[in-house]
Amino acid sequence: MRAVIQRVDGAKVTVDGETVGEIVGEGLCVLVGVTHEDTPAKAAQLARKLWSVRILDGEKSCSDTNAPLLVISQFTLYGDARKGRRPTWNAAAPGELAEPLVAEVVTTLRSLGAQVETGRFGADMKVSLTNDGPFTVVVEV
């Protein structure tokens, strides 16, 4: 699994003009990509990393400050544009594999005590955020 984590001062995701997930104030906006070999164990490992990674102000984590997370599925994280002009998506897991694993990340985060908002899997989403720093980290498990 691959995640792009952005420290934000507010973020939201809309689908067809409707806000489906939003966090206010300091938190993390997390784009999650799934590949073919990923498992529920990897999803849980990623969730624990997201909850404990110390990238908030003062080198604190969401678990330290109870900061919210906005988790959004993002198959394009496994796009490959090394050849030609059009990326391939061969490394991205199909929806039937990816959707439950992204849901497992969210479920595990919530079981750890996190406030989690989400996008809508497979939808055409519009994400807006204020990147705080800017601070962006890529994590792979």
Side-chain angles (χ1 to χ4, degrees), residues 1-82 84-141:
M1 294 188 90
R2 183 177 289 165
V4 174
I5 308 167
Q6 297 179 82
R7 182 176 72 191
V8 299
D9 182 18
K12 73 176 182 176
V13 60
T14 60
V15 176
D16 295 327
E18 171 196 358
T19 299
V20 297
E22 181 174 19
I23 60 173
V24 177
E26 182 179 52
L28 299 179
C29 182
V30 183
L31 306 176
V32 177
V34 179
T35 193
H36 301 277
E37 298 81 32
D38 288 331
T39 64
K42 282 188 175 185
Q45 179 184 6
L46 178 61
R48 289 188 300 274
K49 174 65 86 174
L50 296 172
W51 186 231
S52 62
V53 67
R54 297 182 169 277
I55 64 171
L56 296 177
D57 193 38
E59 294 187 10
K60 296 191 187 274
S61 66
C62 288
S63 65
D64 294 330
T65 64
N66 206 30
L69 299 95
L70 176 60
V71 176
I72 302 164
S73 64
Q74 187 75 25
F75 79 93
T76 62
L77 293 182
Y78 279 100
D80 184 353
R82 289 178 288 183
R85 296 181 298 150
R86 186 176 304 150
T88 64
W89 314 111
N90 296 337
E96 59 270 10
L97 175 63
E99 186 172 13
L101 292 177
V102 173
E104 180 64 27
V105 171
V106 172
T107 298
T108 301
L109 278 166
R110 288 179 176 151
S111 75
L112 294 169
Q115 175 197 337
V116 183
E117 296 288 323
T118 65
R120 187 173 296 154
F121 191 91
D124 180 16
M125 296 177 275
K126 308 293 184 216
V127 179
S128 61
L129 57 92
T130 302
N131 192 316
D132 181 14
F135 204 118
T136 304
V137 176
V138 178
V139 172
E140 292 203 51
V141 295

Can you tell which of S61, C62, P68 makes a side-chain contact (heavy atoms from CB on, under 4.5 Å) with L28? C62

How long is the gap from [atom1] on [X] to [atom2] on [Y], to the nearest 0.5 Å?
X	Y	atom1	atom2	value
E22	L70	CD	CG	9.0 Å
K42	L101	NZ	CG	10.5 Å
F121	I72	CZ	CD1	13.0 Å
K60	T65	NZ	OG1	8.0 Å
Q6	T130	CD	OG1	10.5 Å

Are [X] and [Y] close enough that some pair of their side-chain heavy atoms sits under 4.5 Å apart?
X	Y	result
I23	L129	no
N90	D80	no
I5	I55	yes
L69	W51	yes
V34	F75	no
V105	M1	yes
D132	V8	no
L50	L109	yes

Regarding D38 and T35, is there a side-chain donor-to-acceptor distance under 3.5 Å anywhere? no

Nearest heavy-atom neighbours spanning [X] and [Y]:
X	Y	answer
S73	G122	OG-N, 4.4 Å
G95	P100	O-CD, 4.0 Å
A47	L112	O-CD1, 4.3 Å
V13	G119	CG1-CA, 3.6 Å
G27	A67	CA-CB, 4.0 Å

Sub-3.5 Å donor-acceptor pair from the side chain of R2 to the main-chain atoms of G33, do we have one? no

Report the C-alpha separation of D57 and E26 in whole Å, then their side-chain angles, then the decisive distance to 0.1 Å, and conclude whether the side chain to side chain contact (heavy atoms under 4.5 Å, CB included) test is met. CA-CA 9 Å; D57 193 38; E26 182 179 52; 3.3 Å; yes

Does a side-chain N-to-carboxylate-O contact under 4.0 Å join K126 and D124? yes

